[in-house]
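Beneath this line is the structure, given in structure tokens, with notes to follow.
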Amino acid sequence: MAELTHWPEDEGNESFTIQTSDPLGILTSTRTVVELGEDVWINTDQIEKLSKRWLQADTQGQKLDIPLWDERYHFSDGTARTVNWLLLLDALNFCFWAEKGQARWSIDYQGQTLNGYWAEAAALKRAVEEGLPLWDAEYLRTIPEETIAHIFRGSGTIPLFEQRVHNAREVGQVLLDRYAGQFTNAIEEADRNAIKLVLLLERDFPSFRDITSYRGQQVRFLKRAQITVADISGSFHGQDWGKFADQDQLTIFADYKLPQVLREYNVLEYELHLAQKVDNKELIQAGSEEEVEIRACTIWACELLRQSLQRQGHAMTAAEIDMRLWLLGQRSEEMHPYHRTRTIYY
Ligand SMILES: Nc1nc2c(c(CN[C@H]3C=C[C@H](O)[C@@H]3O)cn2[C@@H]2O[C@H](COP(=O)(O)O)[C@@H](O)[C@H]2O)c(=O)[nH]1
């Protein structure tokens with residue numbers, strides 16, 4: 001069994017092992033960033049502490065109930081229409097935070113005031129309930145800006161509105177050009193394999209191409225491509241269109257909430273100036289070394305957490321670790337702020 005890496009501050013030999021394969025090239029490409037980066041680092045002692053805390057919670061039966069698919073705010077009719085709806089959901093699943101000092105965009109739905117991801121999902125479900133065929137590629141291909149504005153109507157404006165219009169139309173166009181309008185055809189072309197479907201999304205749907213570079217080297221995150229597969233699996237409860245091989249090969253999804261939670265647990269540590277920028281909600285440029293280091297260390301902190309849990313006989317997939325951390329991040333008002341990067345990738 002490969003040893004967990006110990007990174008005592010005084011040792012220079014920062015190297016750590018990829019225990020599983022790395023078919024998406026995410027662990028390999030982010031490892032370089034973690035080793036070279038100076039603004040963000042992983043505290044492996046805190047990873048051990050967190051894994052033990054989760055083990056204790058689980059043995060005491062406080063298993064954080066990872067919810068099955070939440071149908072309140074997700075359209076779900078068990079057909080190919082739901083698969084296309086989920087692709088649209090994750091084509092628009094990014095960047096829900098407001099400008100400094102502004103209130104978040106929110107919607108009212110079924111008597112609830114929702115914001116963030118839940119507002120996006122519920123708005124898209126509300127639209128279907130109001131008769132908009134959001135599963136129809138032809139409809140999406142030329143969807144008017146006014147219609148998207150109507151779909152996301154609420155308090156304030158959803159951030160990056162133009163990009164969301166573009167992404168919705170791109171989904172329609174690519175589905176028509178390559179998959180006869182049905183993403184289920186892409187699932188079949190990918191042999192119902194999670195990794196192949198992520199790579200297909202990267203190849204065919206440009207807005208999902210969540211790849212950047214760090215000091216001249218390519219760094220891959222593929223967050224929305226991966227979460228699309230996880231969401232189709234979740235919506236279909238791992239059956240039918242949601243039954244994928246190699247789903248355990250997915251990494252966590254590098255969004256803005258996981259680093260916030262990991263930093264709260266002192267698993268991630270930020271260099272002083274970066275910490276001040278994040279805490280002051282100053283913009284961190286997309287593609288900057290700081291942003292890439294935050295995301296890369298998030299990937300590897302969760303991989304090392306997964307390895308630690310596995311060593312202690314508690315196997316969890318990256319996606320399960322992801323969901324647990326993300327749900328903890330839904331109660332994040334009292335935490336230090338998450339980093340602000342305006343991007344369509346997460
Ligand atoms: N790593 C990871 N990031 C995730 C999700 C989700 C929701 N998915 C689950 C929910 C129900 C189903 O069970 C889905 O599986 C949204 N996000 C990201 O978070 C950010 C939004 O956050 P807030 O501003 O607080 O709404 C934004 O970057 C969004 O892209 C996840 O699961 N993991």
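Every number for a ligand or one of its atoms is a count from 1 in the order of the listing. Quick caveat: nothing in here was measured; it's all calculated off a predicted structure.
Only the side chain of Trp326 comes within 4.0 Å of ligand 1, judged by heavy-atom distances. With a 4.0 Å cut-off on non-hydrogen atoms, Asn93 touches ligand 1 through its backbone as well as its side chain.
The shell of residues lying under 4.0 angstrom from ligand 1, judged by heavy atoms, includes Trp118. Contact annotation: Asp70 has no heavy atom less than 4.0 Å from any atom of ligand 1. Residue Arg104 places a heavy atom less than 4.0 Å from ligand 1.
Atoms of ligand 1 found under 4.0 Å from any heavy atom of Phe96 (numbered from 1 in listed order, with element): 21 (C). Heavy-atom proximity to Leu258, at under 4.0 Å, picks out these atoms of ligand 1: 1 (N). Listed by number with element, the atoms of ligand 1 under 4.0 angstrom from any heavy atom of Tyr346 are 28 (O). Against a heavy-atom cut-off of under 4.0 Å, Trp69 is close to the following atoms of ligand 1: 12 (C), 13 (O), 14 (C). Those atoms of ligand 1 that come under 4.0 Å of a heavy atom in Asp231, given as number and element, are 14 (C), 15 (O). If you number the atoms of ligand 1 from 1 as listed, the ones under 4.0 Å from a heavy atom of Gly116 come out as 26 (O).
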Run the numbers on Glu291 and Tyr214 for side-chain hydrogen bond (donor to acceptor under 3.5 Å, both in side chains), then give the verdict.
CA-CA 10 Å; Glu291 185 221 14; Tyr214 184 86; over 6 Å; no
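Arg342 and Glu99 are joined by a salt bridge, as a carboxylate oxygen and a charged side-chain nitrogen come within less than 4.0 angstrom of each other.
For the pair Cys95 and ligand 1, the shortest N or O to N or O distance does not fall below 3.5 Å. Of the polar atoms of Lys223, at least one N or O is found under 3.5 Å from an N or O of ligand 1, judged by distance alone.
The heavy atom nearest to atom 31 (C) of ligand 1, considering only Asn115, Ile227, Val261, Leu114, is found in Ile227. Comparing heavy-atom distances from atom 22 (O) of ligand 1 across His74, Glu120, Lys257 singles out Lys257 as nearest.
Separation of the Trp69 and His237 ring centroids does not fall under the 6.0 Å cut-off. The aromatic ring centres of Trp97 and His339 sit 6.0 Å or more apart.
By the 6.0 Å and 45° rule, Arg192 does not stack over the aromatic ring of Phe244. Remark: Arg126 fails to qualify as a cation-pi partner of Tyr109 under the 6.0 Å distance and 45° angle criteria applied to the six-membered ring.
Without hydrogens or angle criteria, Arg164 side chain to Phe94 main chain gives a donor-acceptor distance under 3.5 Å.
Smallest separation of non-hydrogen atoms from Leu134 and Ala127: CD1-CB, 3.7 Å.
Side-chain contact check for Glu48 versus Ser308: some heavy-atom pair is nearer than 4.5 Å.
In this structure, Lys243 places its NZ atom where only 12 or fewer heavy-atom neighbours from other residues, nucleotides or ligands lie under 6.0 Å away.
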